[in-house]
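Quick notes on the structure that follows.
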Amino acid sequence: MTSNTMLLAFDDERALALELAEALNMPLSFISRHRFPDGEMRLVLPTPLPETVLILRGLQQPNDKLVELMIAAPTSRELGAKRLDLLSPYLAYMRQDMEFTPGEAVSQRHIARLLANHFDHVLTIDPHLHRINSLDEVMPKGCGLTLSAAQLLGEWVARQVPGALLIGPDEESAQWVSEAAKAGGLQHAIGSKVRLGDHQVTLALPDVDVSDRAVVLLDDMASTGRTLIGSAQQLLLRGASSVDVAVTHALFNGEALANLKDAGVRHVWSSNSVAHASNAVSVATLLAEGWRQLGG
Ligand code: R5P
């Protein structure tokens, strides 16, 4: 253990923080929070801080958390941190990656830049990179590091459902599904999707015979669940013997999980990038090894 490093985390990510501190062999402290009646936050950090500080903060339900980070990061520097890295297992705002309507903010660019202004490095897992290939396109070169849970999920799926057919619901998912299929030694195919609204998608599944096949749908995230629900319904209609789901980021907003079960999905598995009842594989070692790659 190096005494000049520390992992800082927030209490709502305690389980992953404990695992990560062990994988990093690093002391862990928590940033305490108080919400004032008007909604403002008061943060208290441990003091003094060592030279190298890592902050663990996933950005699911991002708006409050981004404000917290904008306060915690400069405070960390004031308290002694010379190198400040963000480990954000889920990086929000990555899907808003083009001006779909005139005047619409390309939030991906602005949120990435905001984080890069505060942190020396930003490590994340399976960010939704669709129209760009790398975080280097939205952050200064070398600031962002992208890791992937696809291999972990592929190996998990292969152990749970040997011989499963992996299906990615849309073109973007090809990057994760092909890697998971390779890791698990599984066949895979990719569909296509048009999003019509927050809760409405049209899906075209790949033209493969799924009758009597155990299918596992794999994607980077589930939010409303509509992408996975529509895909599962079509697969079951086409004769799949079972449909399971594996995602990196289990956002599962609102009734998404219940609706997925109602649609006939058997198992739902996720990584613990976002704490959720479906967590099946841990990203702690992945994050620790990723950070070490940076020379940590
Ligand atoms: C976008 O294409 C992503 O990869 C996911 O497919 C999408 O964000 C899932 O959203 P929802 O669960 O709301 O359909």
Side-chain angles (χ1 to χ4, degrees), residues 58-63 88-100 104 106-108 111-112 124-135 138 146-150 152-154 157 166-181 188-206 215-236 243-265 267-271 273-279 283:
L59 290 173
Q60 54 278 14
Q61 294 148 355
N63 295 352
S88 187
Y90 171 68
L91 195 55
Y93 283 105
M94 291 297 106
R95 286 172 293 176
Q96 295 184 41
D97 60 356
M98 69 173 269
E99 189 183 3
F100 295 94
E104 184 176 345
V106 184
S107 307
Q108 180 191 65
I111 296 297
T124 190
I125 301 173
D126 295 333
H128 191 86
L129 303 184
H130 179 193
R131 293 172 187 85
I132 63 169
N133 293 316
S134 151
L135 287 176
V138 286
T146 294
L147 307 166
S148 179
L152 294 169
L153 289 173
V157 167
L166 281 187
I167 290 192
D170 51 30
E171 292 90 344
E172 302 100 281
S173 67
Q175 54 190 301
W176 304 291
V177 177
S178 56
E179 202 185 319
H188 74 282
I190 306 295
S192 63
K193 173 174 90 181
V194 178
R195 183 170 286 281
L196 305 168
D198 289 348
H199 296 265
Q200 215 187 341
V201 289
T202 53
L203 296 150
L205 287 179
V215 177
V216 178
L217 285 162
L218 193 137
D219 208 354
D220 58 333
M221 71 179 83
S223 170
T224 66
R226 295 322 306 181
T227 301
L228 296 169
I229 289 166
S231 304
Q233 286 167 333
Q234 289 189 29
L235 287 164
L236 290 167
V243 178
D244 302 312
V245 157
V247 292
T248 300
H249 309 296
L251 302 182
F252 290 116
N253 296 305
E255 298 300 305
L257 190 62
N259 293 339
L260 209 53
K261 292 289 184 169
D262 288 347
V265 168
H267 300 297
V268 179
W269 300 302
S270 62
S271 88
S273 66
V274 176
H276 188 262
S278 61
N279 291 169
V283 294

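Both counts, for ligands and for their atoms, begin at 1 and track the order of listing. Along the sequence shown, the residues carry numbers beginning at 1.
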For side chain to side chain contact (heavy atoms under 4.5 Å, CB included), just list the numbers for Leu59 and Thr124, CA-CA rounded to whole Å, side-chain angles, deciding distance to a tenth of an Å, and then say yes or no. CA-CA 10 Å; Leu59 290 173; Thr124 190; over 6 Å; no
Can you name the residues that form a side-chain contact (heavy atoms from CB on, under 4.5 Å) with Ser173, not counting sequence neighbours?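 In terms of side-chain contact (heavy atoms from CB on, under 4.5 Å), with neighbours along the sequence ignored, Ser173 is linked to Pro169, Asp170, Trp176, Val177, Ile190, Asp219.
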Pairing residues for Ser134 by the side-chain contact (heavy atoms from CB on, under 4.5 Å) criterion, not counting sequence neighbours: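 If we apply the side-chain contact (heavy atoms from CB on, under 4.5 Å) test to Ser134, skipping adjacent residues, the hits are Asp136.
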Spatial distance of atom OG (Ser88) from atom CD (Gln60) [nearest 0.5 Å]: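 It comes to 7.5 Å.
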Rounded at 0.5 Å granularity, tell me how far CD1 in Ile229 sits from CG in Leu217.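 One gets 11.0 Å once the value is rounded to the nearest 0.5 Å.
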Less than 3.5 Å apart, which donor and acceptor atoms pair up between the side chains of residues 244-257 and the rest of the protein, not counting sequence neighbours?
from   : atom 1 : to     : atom 2 : distance (Å)
Asp244 : OD1    : Arg266 : NE     : 2.9
Asp244 : OD1    : His267 : N      : 2.9
Asp244 : OD2    : Arg266 : NH2    : 2.7
Thr248 : OG1    : Asp126 : OD2    : 2.6
His249 : ND1    : Ser273 : OG     : 2.8
His249 : NE2    : Ile125 : O      : 2.9
His249 : NE2    : Asp126 : O      : 3.3
Asn253 : ND2    : Ser223 : OG     : 2.9

Between ligand 1 and the protein, give all atom pairs where both partners are nitrogen or oxygen and the distance is under 3.5 Å, as lines of names plus distance to 0.1 Å.
from     : atom 1 : to     : atom 2 : distance (Å)
ligand 1 : 2 (O)  : Asp170 : OD2    : 3.1
ligand 1 : 2 (O)  : Glu172 : OE2    : 2.9
ligand 1 : 2 (O)  : Lys193 : NZ     : 3.2
ligand 1 : 4 (O)  : His128 : ND1    : 3.4
ligand 1 : 4 (O)  : Asp219 : OD1    : 3.3
ligand 1 : 4 (O)  : Asp220 : OD1    : 2.6
ligand 1 : 6 (O)  : Asp170 : OD2    : 3.4
ligand 1 : 6 (O)  : Lys193 : NZ     : 2.9
ligand 1 : 6 (O)  : Asp219 : OD2    : 2.6
ligand 1 : 8 (O)  : Arg95  : NH1    : 2.8
ligand 1 : 10 (O) : Arg195 : NH2    : 3.1
ligand 1 : 12 (O) : Ser223 : N      : 2.7
ligand 1 : 12 (O) : Thr224 : N      : 3.2
ligand 1 : 12 (O) : Gly225 : N      : 2.7
ligand 1 : 13 (O) : Thr224 : N      : 2.9
ligand 1 : 13 (O) : Thr224 : OG1    : 2.6
ligand 1 : 14 (O) : Arg195 : NH2    : 2.9
ligand 1 : 14 (O) : Thr227 : N      : 2.9
ligand 1 : 14 (O) : Thr227 : OG1    : 2.5

